[in-house]
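Below, chain A is the first sequence line, B the second, and so on; all start at residue 1.
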There are 2 protein chains.
Amino acid sequence: MCPAVLKAAPPTLTQQFEVQTAWSRLAVDGLPAAIRQNARLFGSGSQIVHEGDEVPAVICVVGGWIGLSKSLDDGETQLVDLILPGEFIFALGADRFTSALQVEAITDCVVATIPSAQWTQLKMATPELESLRQALSGASRARIAERMLRLGRGSAEMRIAHALLELCLRLRAIGDGADRTFHIPLTQQQLGEFTGLSSVHVCRTLRRLERNGIIDVADHMDVRVINSARLAEIAKVDLNHLCEEILPDCEPM
Amino acid sequence: MCPAVLKAAPPTLTQQFEVQTAWSRLAVDGLPAAIRQNARLFGSGSQIVHEGDEVPAVICVVGGWIGLSKSLDDGETQLVDLILPGEFIFALGADRFTSALQVEAITDCVVATIPSAQWTQLKMATPELESLRQALSGASRARIAERMLRLGRGSAEMRIAHALLELCLRLRAIGDGADRTFHIPLTQQQLGEFTGLSSVHVCRTLRRLERNGIIDVADHMDVRVINSARLAEIAKVDLNHLCEEILPDCEPM
DNA sequence: CGTAGGGTTGAGAGGTCTCAAAGCGAGTGG
DNA sequence: CCACTCGCTTTGAGACCTCTCAACCCTACG
């Protein structure tokens, strides 16, 4: 079920660096090399770091979607954050050796895990990496807070609407989902784990939004936002504000 | 309602440094001085950083409880994290100028906000500060993930039980709440904002736990955990594991 | 003594969950 | 090429949990 690592990263991986990201615009010489050197391919569903594993200092997602999750013993799972291409994962645990979160490949993906020692070296060479870390982990924290607010206080509709808008903005930021059409590589079950809903209720909620002409969902989560103003209203978000908050840099939609 | 800053920190503040913390055990010469220099007293309810404000690099909580929260326009609020004496707040926003969270004094408290420039200097002088940052922000992230899991998937009882255990452990770690008796300076309303419940339901849930002989709650949140094994079972936590995860260093209870 | 801010308790409404069954599409082996 | 299976989606029905509203109590405080 979980084919572990597929294979060492093939040379073509370099092409994936074309994703426009915060760090690709930074003049950080060592970083691309370090990423290239550590990049590996993971099959969808495979664990990149197990909960409790020794963890690398930084995990760079080059291509594909990563999920950070946490589970109860009975299997109930919460997707705490989704990491998209161009984003990094920092500070997985309280000590530097144990991960508090499970890091799983949602889709097939290319990921570079950078060991602490190497990261320290890189930071010596390029102090800008510190601002990069700050920007990316701040953005992650902001996203999580925003989601947590709706998890604690919002309706199913609000949570779904918010999740769709968040993902739409983030995808746009990496050059995907222009014209507010995009694919979400999650099952309704996983979207439920992300929003704290049962898969059944995710389905109902999506269809209600669709019936009301706010979005359109085709085969397996091909989403088109038809009425983004209305969707933002349901999600109770200010799009401009959300954008500034959850993206390292941005323009509104 | 919100008396802003009460006054500049009086000399007696130094006494509050007695709290045993991760960083007090670190040989970091510059830090206590920097904290003393920037420490101020805030009255309960006052804003330390407003959502959207320019933010300091680090906020050090010397005494009292701080709440990090996020609100919807209609006033619905989620307490994303609670910061206790000895803990620091890092990386409030995606850019370094805008806070994604509201930072509010829950009780009267002593807080030192360290500007970016000074923090950078301190880090130059004492590289260990980097591990400190990593430990503390990792712990915060772990706590948030743990809570988010229960927010998304758990019952009211599980959330309350977890919150009580988390706070009990964290208080014990700073020398408070030995014998599993401790005071939580939150109203039931605020505990509801922390756990994603209405204040009414917080009340009912606490009383149910009390009726079942698991905890005892006296005037205004003086909590005594009577049956910690049962409470952990309800919270679905492994105390040892939780301890390692959410505290920078620890012993189980 | 009156007021205000919590806490407690009840009743009813509503949202979300679970269980269950059926539909659909892609991949597989006959 | 067709059955078959498997995973995912869709829909219905009923149960259950939590919310809201509302009243009352209690304590601290002016």
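- Among the nucleotides C:dT16, D:dT9, C:dT18, the one closest to any side-chain atom of A:Q188 is D:dT9.
- Shortest non-hydrogen contact noted between A:R40 and A:F42 is NH2-CZ, 3.2 Å.
- A straight line from CD of B:Q189 to C1' of C:dG5 spans 11 Å, rounded to a whole angstrom.
- Listed by residue number, there are no residues of residues 151-163 of chain B with a heavy-atom contact under 4.0 Å to DNA chain C.
- For A:R150, the salt bridge (Lys or Arg N to Asp or Glu O under 4.0 Å) criterion is met by A:E146, not counting sequence neighbours.
- With sequence neighbours excluded, no residue forms a side chain to side chain contact (heavy atoms under 4.5 Å, CB included) with A:D219.
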Go along nucleotides 23-30 of chain D 5' to 3' and tag each nucleotide: B for a protein heavy atom under 4.0 Å from its base, S when only backbone or sugar atoms are that close, - otherwise. --------
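- Rounded to whole Å, the distance from CG on B:L206 to C1' on C:dG6 is 13 Å.
- Rounded to an integer number of Å, the gap from B:H220 NE2 to C:dG5 P is 13 Å.
- Between the CD1 atom of B:I106 and the P atom of C:dG6 there is a distance of 13 Å, rounded to whole Å.
- Between B:L101 and A:A145, the shortest heavy-atom distance links the atoms CD2-CB, 3.6 Å.
- The bend of the helix from C:dC1-D:dG30 to C:dG30-D:dC1, defined by the angle between the axes of its first five and last five pairs, stands at 30° to the nearest 10°.
- Of the candidates D:dT9, D:dT20, C:dC17, D:dT20 carries the atom nearest the B:S198 side chain, counting heavy atoms from C-beta on.
- The distance from atom CG of A:L197 to atom P of C:dT18 is 11 Å, rounded to the nearest whole Å.
- For A:P56 against A:V49, the heavy-atom pair with the smallest separation is CD-CG2, 4.2 Å.
- Of all the heavy atoms in A:G67 and A:L79, the pair that sits closest is CA-CD2, 3.8 Å.
- Applying the salt bridge (Lys or Arg N to Asp or Glu O under 4.0 Å) rule to A:R141 yields no partners; only residues at least two apart in sequence or on another chain are considered.
- Contacts of residues 207-217 of chain A with DNA chain D (heavy atom under 4.0 Å): A:R207.
- Contacts of A:S199 classified as side chain to side chain contact (heavy atoms under 4.5 Å, CB included), with partners at least two apart in sequence or in another chain: A:Q189.
- Residue A:G192 is classed as having no contact, given no heavy-atom separation below 4.0 Å to the nucleic acid.
- For the pair B:E76 CD and D:dT20 C1', the computed distance is 11 Å after rounding to whole Å.
- A donor and an acceptor atom sit less than 3.5 Å apart, one in the side chain of B:R204 and one in the base of C:dG10.
- Under the rule for a side chain to side chain contact (heavy atoms under 4.5 Å, CB included), B:D73 has no partner lying at least two apart in sequence or in another chain.
- What you find for B:G43 and B:A105 is that their closest heavy atoms are O-CB, 3.5 Å.
- Among the nucleotides C:dC17, C:dG7, D:dT11, the one closest to any side-chain atom of A:C203 is D:dT11.
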Donor-acceptor contacts, no H, no angles, side chain residues 201-208 of chain B, under 3.5 Å, sequence neighbours left out:
| from | atom 1 | to | atom 2 | distance (Å) |
| --- | --- | --- | --- | --- |
| B:T205 | OG1 | B:H201 | O | 2.6 |
| B:R207 | NH2 | B:E210 | OE1 | 3.2 |

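- Distances were taken from every side-chain heavy atom of B:T187 (C-beta onward) to each of C:dC17, C:dT8, C:dG6; the shortest belongs to C:dG6.
- Among the nucleotides D:dA22, D:dG12, D:dC8, the one closest to any side-chain atom of A:V200 is D:dG12.
- A salt bridge (charged side-chain N to carboxylate O under 4.0 Å, His left out) check over residues 182-198 of chain B, counting only residues at least two apart or in different chains, returns nothing.
- Under the rule for a side chain to side chain contact (heavy atoms under 4.5 Å, CB included), the partners of B:R230 that lie at least two apart in sequence or sit in another chain are B:I214, B:N227, B:E233, B:I234.
- Looking at A:E87 and A:R170, a side-chain N of the basic residue comes within less than 4.0 Å of a carboxylate O on the acidic one, giving a salt bridge.
- Nucleotide D:dC19 holds its P atom 6 Å from the NE2 atom of B:H201, rounded to whole Å.
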